Amino acid sequence: MGHTATAQAGSGGLTATEHRLANGLRVVLSEDHLTPVAAVCLWYDVGSRHEVKGRTGLAHLFEHLMFQGSGQVKGNGHFELVQGAGGSLNGTTSFERTNYFETMPTHQLELALWLEADRMGSLLAALDDESMENQRDVVKNERRQRYDNVPYGTAFERLTALAYPEGHPYHHTPIGSMADLDAATLDDARAFFRTNYAPNNAVLSVVGDIDPERTLAWVEKYFGSIPSHDGKQPPRDGSLPDTMGGQLREEIHEEVPARALMAAYRLPHDGTRECDAADLALTVLGGGESSRLHNRLVRRDQTAVAAGFGLLRLAGAPSLGWLDVKTSGGVEVPEIEAAVDEELARLAAEGPTDEEMERAQAQLEREWLDRLGTVAGRADELCRYAVLFGDPQLALSAVTRVLDITADEVKAVAAARLRPDNRAVLVYEPVTAEDEAAAEETDEHEGADQ
């Protein structure tokens, strides 16, 4: 078991040590004795980009199955044991990873490590048709509640499908389709687990009020005997040209509160200076109430009730700049779109002011401090940089790279990427329930006529 420890420049004195078990599990520890709690975070290098056509949603389904019992812990026992010990827990799935995490009182850390090891090593002993059907229904209900039956709920899915072409590993979102969720078999789930939920495909971080030697001994005790697995295929290539080469548009008529303009711009990969510059550009344009778009559309013109622009950072494919504007009153979308394009063109031509750069960098610095300021946030960041970039130490110095970006770099990325020919656009036009019913009735009649 080898390890390294370094204090990164700009890390505020935070340190992390790295270790690797014989089975390939990477372990990152960071001591912080400020409060008597410890965070455990486990990232598996599997997300929706690893799925194949016809079996989308498996990574997210497995996030749920991991809470359905394992070899030594039955049913809902994982939740019950953690919460009964005064801890909190959850799991999430993205394009690029699946993570599981607990924050525990320090004296209950061993319990969290044992629980994570038990489901990594023995989930297949508990995975059966009943738990599969149970969680399949839970995920389908989640899809209905978060996507299909809420205003603008399918916007992310639609824009992703436009921004990444058919066949691209990021073309579908982690929630998956109803048809694929129905088609997934118990054998599919077992094969997916064996391939992806192996120690050599994971990073475990433990942050907080810990004794590193004792923590490592527990990790070795509980995780060390779990066998590695060598059958995983690398994700399909996610590279694309720098720009879309045109504008992709879709108009949606739904029962929504207001007209909306949403757009996704193709931006540089995470982990590059250009991505940090893009993050600053979007913060200047749409990061909060001091941003250009909020000042222009909400305050000055009063044509919108909300205007935001954020960055979805991605390591294995181009990142996405995410524009979201909700109109006010009877304002039409073309008026909003023209104003947005004016502001983007102005930033590309003139760049940000010194004051805007200072404010945007301070905003991103505060967000970084917020993430690293909690043991759970720091554990997650250490895992992220280990899984996606191979080096957890990068988490401790991320802010220095953002503060190093110049106004000229922000101007350059705005000119190169924030253009009408490099975006996918959704336009929402509100309809009433009566309109939708009438439209469905018309469709039924037309279908009968054919």
Side-chain angles (χ1 to χ4, degrees), residues 1-12 14-32 38-47 49-50 59 63 91-103 109 112-113 116-117 120 196-208 210 212 215-216 218-220 222-224 226 228-230 232 234-235 238 269-272 275-276 313-317 319 368 371-402:
M1 185 186 295
H3 73 275
T4 59
T6 52
Q8 295 288 318
S11 68
L14 299 176
T15 61
T17 59
E18 302 170 50
H19 316 262
R20 189 182 290 267
L21 303 193
N23 60 11
L25 178 68
R26 288 180 289 171
V27 183
V28 186
L29 306 180
S30 181
E31 284 184 81
D32 183 344
V40 172
C41 186
L42 190 59
W43 271 46
Y44 290 94
D45 184 12
V46 59
R49 67 170 172 164
H50 297 87
E63 174 213 314
T92 68
T93 313
S94 77
F95 291 102
E96 301 183 322
R97 59 96 186 109
T98 309
N99 67 350
Y100 302 90
F101 43 92
E102 295 89 9
T103 300
L109 170 59
L113 293 171
E116 286 295 358
M120 179 190 282
N196 296 295
Y197 280 77
N200 55 317
N201 196 48
V203 172
L204 171 70
S205 67
V206 187
V207 175
I210 62 172
T215 302
L216 273 178
W218 285 334
V219 171
E220 183 67 68
Y222 297 123
F223 289 89
I226 302 172
S228 60
H229 183 87
D230 297 326
K232 183 187 173 188
H269 289 240
D270 193 12
T272 62
C275 188
D276 288 336
R313 287 178 175 263
L314 296 170
S319 302
W368 174 80
R371 289 194 297 274
L372 266 65
T374 66
V375 291
R378 195 182 322 154
D380 194 60
E381 288 293 290
L382 289 167
C383 280
R384 181 168 91 87
Y385 280 93
V387 169
L388 298 180
F389 305 108
D391 184 2
Q393 307 291 346
L394 292 170
L396 305 180
S397 58
V399 73
T400 61
R401 296 186 288 279
V402 171

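Model, not experiment: these values are computed from the prediction. The chain is numbered in sequence order, starting from 1.
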### Task
For the residue pair T92 and N99, confirm or rule out a side-chain donor-acceptor distance under 3.5 Å.
yes

### Message
For a quick check under 3.5 Å, do R26 and S205 share a side-chain donor-acceptor pair by atom type?
### Response
no

### Query
Could R378 and E381 be called an ion pair, given the rule that one side-chain N must be under 4.0 Å from one carboxylate O?
no

### Message
Checking L113 against E102 for the side-chain contact (heavy atoms from CB on, under 4.5 Å) test, could you report, in this order, the C-alpha distance in whole Å, the side-chain angles of both residues, the deciding distance, and whether it holds?
### Response
CA-CA 9 Å; L113 293 171; E102 295 89 9; over 6 Å; no

Taking all non-hydrogen atoms of both residues, which atom of [X] and which atom of [Y] are closest, and how far apart?
X	Y	result
N23	I226	ND2-O, 2.9 Å
D270	S319	N-OG, 3.6 Å
F389	G271	CE2-CA, 3.8 Å
A379	A39	CB-CB, 4.2 Å

Would you say [X] and [Y] make side-chain contact, with heavy atoms under 4.5 Å?
X	Y	value
N200	D230	yes
T17	L216	no
N201	H229	no

Return yes if some donor-acceptor pair links the side-chain N/O of [X] with the main-chain N/O of [Y] below 3.5 Å, else return no.
X	Y	value
N196	D45	no
E220	L21	no
E63	T93	yes
T272	C275	yes
W368	A395	yes

Interatomic spacing from [atom1] in [X] to [atom2] in [Y] - rounded to 0.5 Å:
X	Y	atom1	atom2	answer
D380	L42	CG	CG	11.5 Å
R97	L388	CZ	CG	8.5 Å
Y385	Q393	OH	CD	12.5 Å
E96	H50	CD	NE2	8.5 Å
E116	F223	CD	CZ	6.0 Å
L109	I210	CG	CD1	7.0 Å

### Message
Let's go through L396 and L382 carefully: what are the C-alpha distance in whole Å and the side-chain angles of both, what is the deciding distance for side-chain contact (heavy atoms from CB on, under 4.5 Å) to 0.1 Å, and is it a yes or a no?
### Response
CA-CA 8 Å; L396 305 180; L382 289 167; 4.2 Å; yes

### side-chain contact (heavy atoms from CB on, under 4.5 Å) between E31 and T15, worked out
CA-CA 7 Å; E31 284 184 81; T15 61; 5.8 Å; no

### Task
Assign the ring pair Y44 / Y197 to parallel, tilted or perpendicular, where the plane angle (0 to 90°) is split at 30° and 60°.
tilted

### Task
Start with the C-alpha distance between L394 and R401, add both sets of side-chain angles, then the distance that settles side-chain contact (heavy atoms from CB on, under 4.5 Å), and finish with yes or no.
CA-CA 10 Å; L394 292 170; R401 296 186 288 279; 3.8 Å; yes

